[in-house]
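Notes follow once the structure below has been shown.
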2 protein chains.
Amino acid sequence: MKPVTLKEIAEKLNISVTTVSKALKDYSDVSPKTKALVKELAATLNYTPNSFAVHLRTKESKTIGLVIPEVVHHFFSNVIKGIISEAEKEGYLVIILQSNESYELEKKQIELLMSHRVDGILISLANGTADFKHLNAVIEQDKPLVMFDKIAKLVKCSKIIIDDQKAAYIATQHLIDTGCKRIAHFRGPLLPQNSIDRFLGYKKALLDNGMEYDPNLVYLNDCDENSFDDGKMNAAKLYKEHNDVDGIFINTDMVAIGAISEFNRLGVKIPEEISIVGFSNWFMSSVISPTITTIDQPGYAMGQTAFKQLYKEIKAHKNNVAISPEIIQLETALVKRESTKN
Amino acid sequence: MKPVTLKEIAEKLNISVTTVSKALKDYSDVSPKTKALVKELAATLNYTPNSFAVHLRTKESKTIGLVIPEVVHHFFSNVIKGIISEAEKEGYLVIILQSNESYELEKKQIELLMSHRVDGILISLANGTADFKHLNAVIEQDKPLVMFDKIAKLVKCSKIIIDDQKAAYIATQHLIDTGCKRIAHFRGPLLPQNSIDRFLGYKKALLDNGMEYDPNLVYLNDCDENSFDDGKMNAAKLYKEHNDVDGIFINTDMVAIGAISEFNRLGVKIPEEISIVGFSNWFMSSVISPTITTIDQPGYAMGQTAFKQLYKEIKAHKNNVAISPEIIQLETALVKRESTKN
DNA sequence: TTTCATAACGAAAACGATTTCGATTTTACC
DNA sequence: GGTAAAATCGAAATCGTTTTCGTTATGAAA
């Protein structure tokens, strides 16, 4: 009933625990015969090493922690999948924790992971996080930490990101190129770096094209999320306040879908009366009517890359070699669909 | 740099490791003064117990494993969230593994979890799983196991499910009640229990209403998944083969959305020419046009319930009390929307 | 002064595996 | 046959906690 131990194998074979351990790990000072005997018995008894004992000695848990704002989210789901599948290749297990976009929770989750002695931590910041003590604490404890997507520029660790500003610039430029004269922006929440960068890309594109930047055309969300309803509400507001707007660059596909749904309801024709570009290339954006022009954000690849980088740092840490943080930028692409003219 | 240990605290205070340990756990045979001293120092040194050492002694890892077919999935995302948030309340961490709908992988993941000595396992079966040795092995090792959603009736463990057959019956009945005379079924993959049950509910509703059951109107998927494209393909096929069909009960909202997209393309009016009922009440089904009548499947609650049941069994197991498996059925509801007449 | 209960602390074993280092045996070679 | 080298093995320490079972000191009761 209870799991088999080395000791039990040793007793059955009348040899020492040491030899059993060595035999299973192919040490050179165990005779082929003994090795064969041990391995055979271990197999029939279905022996698996007690990971706690192993890790207590070896100091590595073969486990990493992942903290994300929200599990129920198309982009993060893909990131999770990328991380898990890559981690599996190296024999790593992933513990997933949610911050629910709350700084307090995020802090607590990190402490939990630290006390569980994970080998490294992967994190995408909560929108509410403006203080980075908890992250610096991780770094000071010399535990590998990699941030992805929603990062903090001030924290000294590796980061996997996309060039939000560039992508937003391209998105906005596309609106301009297809004839939009007055372009609004649904910016999402205030704080997170990618909101900021996307906003900056939008603004830069306007100015580079000699267009006026009007702060009144930038719509913030009420709360720290990007929801369908935010899209509906902001679309309704925009429709009332700025009837002359003929293009919107929207922070996220989910919000874009909300907006489109509201415009459909209001009878506003897309893209004839108003063009829309979203962000993230969520599956649904290719399905809804009209299909949405958007920026493809590679969630799965980001997850893979994030784990690979973390793994690299874990290995370096284990071998006591110093390693300097890397910023890895993943490519994005504009996906042209029906919500913009051509 | 390295984490603080009991030993270090003991040395600084010139007392024994034993006393430090006891002080931190409020044993009665430590004086209040010593307790205060120890706790203060532990706090300033930021001491956290080494979980591996603790678990090696106590035999519990405060960790559970979760095996699901697919992370990137609206329903499972919600389940994950329900599990994680409930687990958190009891101080449990969750290790998530994917089976990718493959039996081989599922088996491997379970072995991985067993070797990592998780306290219990939560699983939703891969569509391809028809052999249950790996699950029975878990039960034989006396490790708590709870299945949810996609279960195997033959395995003797607790199960959290919905009454798929009843829900499918209600869905089909709704089609009949709103005037459909010839009703097809997109059944999804062949094997999993909920596919079977939903099919049976569909069939029973037809027969109970004196309608003919025609096997040719039941469409299987090519592969073991439920995708948007399956919906499109089956819709196209149905349109060619059975032009007289005026209602479809579809296994999953995702497939329903695919079907609707295809019918939209073909110019088939919903619900005038053909009514559609989906399954799961995915967020998108309330957003797409037309909005989809569907069965609400409570993913979050299922996750919560699954963890609660597992936790109950873990506690029972710890206290050496026997406990018999429970089957818990969660309520579903028909959500009426635009894809059916009223 | 003796006896005894109580309070306060500590030594040591245990959890299961890994690894160093020393001991023993076998083989090889002159 | 004797010695050195190689091949095999095992004792014991270690990782950090928990917990049992003593031990010592203190004061109260007799």
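A, B, ... follow the sequence lines: proteins, then strands. Residue 1 opens every chain. All values below were derived from every heavy atom in this structure, side-chain atoms included, with hydrogens, water molecules and symmetry-related copies excluded. Remember, it's a predicted structure, so these values are computed and weren't measured experimentally.
- A:Tyr27 comes within 4.0 angstrom of the backbone, heavy atoms only, and of no base.
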Problem - Chi angles and distances behind the side-chain hydrogen bond (donor to acceptor under 3.5 Å, both in side chains) call for A:Glu111, A:His134 - result: CA-CA 8 Å; A:Glu111 282 162 8; A:His134 56 313; over 6 Å; no

Exercise for the section: Would you please test A:Gln98 and B:Glu88 for side-chain hydrogen bond (donor to acceptor under 3.5 Å, both in side chains) and show each step? Expected result: CA-CA 10 Å; A:Gln98 275 196 132; B:Glu88 205 184 336; over 6 Å; no

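- Taking a cutoff of 4.0 Å between a charged side-chain nitrogen and a carboxylate oxygen, B:Glu86 and B:Lys89 qualify as a salt bridge.
- Across all strands, A:Thr34 comes closer than 4.0 Å only to sugar-phosphate atoms, never to a base (heavy-atom distances).
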Below 3.5 Å, can you tabulate the donor-acceptor pairs from side chains in residues 8-16 of chain A to any protein atom, sequence neighbours excluded?
residue : atom : partner : partner atom : Å
A:Ser16 : OG   : A:Thr18 : N            : 3.4
A:Ser16 : OG   : A:Thr19 : N            : 3.2
A:Ser16 : OG   : A:Thr19 : OG1          : 3.1

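- Annotation: proximity of residues 37-46 of chain B to DNA chain C (heavy atom, distance under 4.0 Å) is found for no residue.
- Between B:Lys81 and A:Glu70, at least one side-chain nitrogen of the basic residue sits less than 4.0 Å from a carboxylate oxygen of the acidic one, meeting the salt-bridge criterion.
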Under-3.5 Å N/O pairs linking protein and nucleotides 10-13 of chain D:
residue : atom : partner : partner atom : Å
D:dG10  : OP2  : A:Ser16 : N            : 2.9
D:dG10  : OP2  : A:Ser16 : OG           : 3.1
D:dG10  : OP2  : A:Thr19 : OG1          : 2.7
D:dG10  : O6   : A:Lys22 : NZ           : 2.4
D:dA11  : N7   : A:Thr18 : OG1          : 3.3
D:dA11  : N6   : A:Thr18 : OG1          : 3.1
D:dA12  : N6   : A:Thr18 : OG1          : 3.2

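- B:Lys312 meets the salt bridge (Lys or Arg N to Asp or Glu O under 4.0 Å) test with B:Glu326; sequence neighbours excluded.
- For residues 45-59 of chain B, every residue pair satisfying the side chain to side chain donor-acceptor pair (under 3.5 Å) rule, not counting sequence neighbours, is listed here: A:Arg117-B:Thr48.
- For the side-chain hydrogen bond (donor to acceptor under 3.5 Å, both in side chains) test, no residue two or more places apart in sequence or in another chain qualifies with B:Thr305.
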Anything under 3.5 Å between a protein N or O and an N or O of nucleotides 25-28 of chain D, put it in a table, one pair a line.
none

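- If you walk DNA chain C from 5' to 3' and mark each nucleotide with an atom closer than 4.0 Å to a heavy atom of chain B, the marks span C:dA8 to C:dG16.
- In this structure, B:Phe75 and B:His73 have perpendicular ring planes: the angle between them is above 60°, well past the 30° mark.
- Residues satisfying the ring-ring contact (aromatic ring centres under 6.0 Å, His included) test with A:His317, not counting sequence neighbours, are none.
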Between side-chain atoms of residues 34-44 of chain A and protein atoms elsewhere (two or more places apart, or another chain), which donor-acceptor pairs fall under 3.5 Å?
residue : atom : partner : partner atom : Å
A:Thr34 : OG1  : A:Ser31 : OG           : 2.4
A:Lys35 : NZ   : A:Tyr27 : O            : 3.0
A:Lys39 : NZ   : A:Asp26 : OD1          : 3.0
A:Lys39 : NZ   : A:Asp26 : OD2          : 3.3
A:Thr44 : OG1  : A:Leu41 : O            : 3.0

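- Mapping B:Asn50 and B:Lys25 onto DNA chain D by nearest heavy atom places B:Asn50 at the nucleotide closer to the 5' end.
- From one end of the helix from C:dT1-D:dA30 to C:dC30-D:dG1 to the other, with five pairs defining each end axis, the axis direction shifts by 70° (rounded to 10°).
- For residues 143-162 of chain B, the set of pairs meeting the side chain to side chain donor-acceptor pair (under 3.5 Å) definition, not counting sequence neighbours, comprises B:Glu101-B:Lys150, B:Asn127-B:Lys150, B:Asp149-B:Gln297, B:Ser158-B:Gln309, B:Ser158-B:Glu313.
- Within 4.0 Å of B:Ser21, counting heavy atoms only, lies at least one base atom of the nucleic acid.
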Handout entry: Check against salt bridge (charged side-chain N to carboxylate O under 4.0 Å, His left out), B:Asp119 and B:Lys62
Key = CA-CA 6 Å; B:Asp119 289 344; B:Lys62 288 281 182 181; over 6 Å; no

